[in-house]
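Lettering of chains follows the sequences in order, A, B, ..., and the numbering in each one begins at 1. Any value given below was found using the heavy atoms of this structure, including those in side chains, with hydrogens, waters and symmetry copies removed.
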Number of protein chains: 2
Amino acid sequence: MPAPVLTTRGAATRRRIVTVASDLVAEKGLVQLSLDDVCERAKVSKGQLYHYFASRGALVTALTEHVVTEVLDLQSPLFAQLDTLAGLQFWVSAVVQYHARRGARGGCPIGSLISQLDRGDEASRAVIARGFQQWGDALEEGLATMVRSGHLDDSIDPAYEARLLVIALEGGLLLTDVYRSTIWLREALDARLQHLRLHLASARV
Amino acid sequence: MPAPVLTTRGAATRRRIVTVASDLVAEKGLVQLSLDDVCERAKVSKGQLYHYFASRGALVTALTEHVVTEVLDLQSPLFAQLDTLAGLQFWVSAVVQYHARRGARGGCPIGSLISQLDRGDEASRAVIARGFQQWGDALEEGLATMVRSGHLDDSIDPAYEARLLVIALEGGLLLTDVYRSTIWLREALDARLQHLRLHLASARV
DNA sequence: TATTGACTGGACTCTGCAGTCCATTTATGA
DNA sequence: TCATAAATGGACTGCAGAGTCCAGTCAATA
């Protein structure tokens, strides 16, 4: 807890633990995450694990942070192009394709975590909340740019539309997991895009 | 497995087990469900539990079925009035209020289950899928009636809109759980309603 | 009333897993 | 080169929870 001093080697080990843990979560779900499994795959001893993390809960929070930044970083090149509808459409396609490749299993890497968290793990929940906030911010920024540049008419509220996109994303991914099909996700996001299309400034003619 | 013969007493015991189990899930989540807890609260012995269920997994599937029918039954009076926009609006308010009362915790009683299921529990997943299907069907039926009666213009696809409502519901509830606030849910559902409002036949004037 | 099978009680086993402990190794910097 | 602290290995503890076993009870029916 009180920020243990880390050497370069120590930091690497810690990082390896977190990475392995989040990989295992991606494979088997947070529920099935066992510290022994983490140790085995990360080639690390129990002593090391508890040298770097005070408890299982601490590791879970760290791993959650890792998943959030990983998911967001992966999309950052796409986020940079969210200032046109084509860019937004491309992002949608990429997200759908990503989950199609994964066999439409597991839902949202971030969103699926909340219900698997221990009741009372406020730390991890806060991390997830911040993650969605950032996700929404990226979308909002793109939309705001479109409004400012006149691509979208100013009846569009970027923050509001961004929230609806995040909700469509999460709802779509949940149903994707239930039905093992990405059509739900695609439909949900496309519906939001369709709505935006109706507010293209050029369509105002 | 091969449908054990149940007496009246046996059926009551079995029912009690399932009810208690789903109550415990509502309180602490599926992840935290322990068979010992179930036995204790249901005033039932281990022997009884395994007399009625082949395994923990079998109980989970049964409990999932119970949750699904409970959630759907609770809404059936509202489902009956889904053939007007006012009825739909009332349903939305009721859903939002329901989750507000629960402290905006736990997300959707049904939807939150999938990510907590054992990977490979296809039986329970199928139950959930059927549940969402029914939920969507109820919404679709209301919308279809509105289209037929001319309340909504026929550019509205009832099945499509019903799916989008279910997605908004699930996404909204997931974010509700993350942020401990129902505004996400309300916003998501209201947005769908708003869209429908634009297609009211009377608005075509 | 005797037999059969559902039903019940609860002790018991076994295992997987979180967390502890401590001895040993490695690095560094005074 | 010696002291110190980080880093590591891994055996060990303790427990909770799934699943077993079997002896005993209840109820219907022949």
Side-chain angles (χ1 to χ4, degrees), chain A residues 1-22 24-25 27-64 116-121 123-124, chain B residues 1-21 23-25 27-64 116-121 123-124:
Chain A
M1 271 290 130
V5 182
L6 287 193
T7 67
T8 312
R9 186 166 58 129
T13 303
R14 199 197 122 104
R15 210 177 313 123
R16 200 165 72 251
I17 293 171
V18 173
T19 307
V20 162
S22 69
L24 283 170
V25 167
E27 287 171 28
K28 315 200 289 182
L30 180 55
V31 180
Q32 303 290 333
L33 181 73
S34 119
L35 300 191
D36 287 327
D37 288 352
V38 172
C39 289
E40 191 186 338
R41 192 184 293 190
K43 303 286 182 201
V44 144
S45 68
K46 237 12 182 339
Q48 281 169 284
L49 211 164
Y50 279 91
H51 180 69
Y52 296 105
F53 301 96
S55 64
R56 183 183 200 276
L59 173 59
V60 167
T61 302
L63 142 196
T64 302
Q116 296 181 77
L117 253 33
D118 283 345
R119 296 272 227 238
D121 184 351
S124 303
Chain B
M1 273 283 134
V5 182
L6 287 193
T7 67
T8 312
R9 185 166 58 129
T13 303
R14 199 195 122 102
R15 212 176 311 124
R16 198 164 73 251
I17 293 171
V18 173
T19 307
V20 162
D23 285 352
L24 283 170
V25 167
E27 287 170 28
K28 315 201 286 181
L30 181 55
V31 181
Q32 303 290 334
L33 181 72
S34 121
L35 300 190
D36 288 325
D37 288 353
V38 173
C39 288
E40 191 186 337
R41 192 184 293 190
K43 304 286 182 201
V44 144
S45 68
K46 240 2 181 349
Q48 280 169 285
L49 211 165
Y50 278 90
H51 179 71
Y52 296 104
F53 301 96
S55 63
R56 183 183 200 275
L59 174 59
V60 167
T61 302
L63 143 194
T64 302
Q116 297 181 75
L117 252 34
D118 283 345
R119 295 270 229 237
D121 184 352
S124 303

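Atom-to-atom, CZ of B/Arg9 to P of C/dG5 comes out at 17 Å; the value is rounded to the nearest Å. For B/Leu6 and C/dC7, the CG to P distance is 5 Å, given to the nearest whole Å. Taking atom CG of A/Leu30 as the reference point, atom C1' of C/dC17 lies 15 Å away to the nearest angstrom. Residue A/Leu49 contributes atom CG, which lies 20 Å from atom P of D/dC12 at whole-angstrom precision. Distance B/Gln48 CD to D/dT25 C1': 12 Å, rounded to the nearest Å. Straight-line distance from the CD atom of A/Glu40 to the C1' atom of D/dG10: 14 Å, rounded to whole Å. Following rounding to the nearest Å, A/Lys46 (NZ) and C/dC22 (P) show an atom-to-atom distance of 17 Å. Between the C1' atom of C/dT20 and the CZ atom of A/Arg56 lies a distance of 18 Å, rounded to the nearest Å.
When each of B/Tyr50 and A/Ser45 is assigned the nucleotide of DNA chain D with its nearest heavy atom, A/Ser45 is the one assigned upstream, toward the 5' end.
Of all heavy-atom pairs spanning B/Cys39 and B/Leu49, the tightest one is SG-CD1, 3.5 Å. Residues A/Leu30 and A/Val25 share a closest heavy-atom pair of N-CG1, 3.8 Å.
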- Query: When you look at A/Gln32 and A/Asp37, which way does the side chain to side chain donor-acceptor pair (under 3.5 Å) test go after all the steps?
  - Reply: CA-CA 10 Å; A/Gln32 303 290 333; A/Asp37 288 352; over 6 Å; no

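Salt-bridge check for B/Arg41 with B/Asp23: failed, with every basic side-chain N at 4.0 Å or more from each acidic carboxylate O.
Contacts of B/Gly10 with the nucleic acid, taken as non-hydrogen atoms under 4.0 Å apart, involve only primed sugar atoms and P, OP1 or OP2. The residue B/Leu33 sits close only to the backbone: its heavy atoms come under 4.0 Å of sugar-phosphate atoms, none of a base.
The closest donor-acceptor contact from the side chain of B/Gln116 to the backbone of B/Val31 lies under 3.5 Å.
Checking D/dA7, D/dG9, D/dA18 against every side-chain atom of A/His51, the shortest atom distance belongs to D/dA7. Comparing D/dG17, D/dA6, C/dC7 against the side chain of B/Ser34 picks out D/dG17 as the nearest. Distance from the side chain of A/Ser55 is smallest to C/dG19 among C/dG19, C/dT8, D/dT8.
Considering only side-chain N and O atoms, A/Thr13 lies under 4.0 angstrom from the phosphate OP1 or OP2 of D/dT8.
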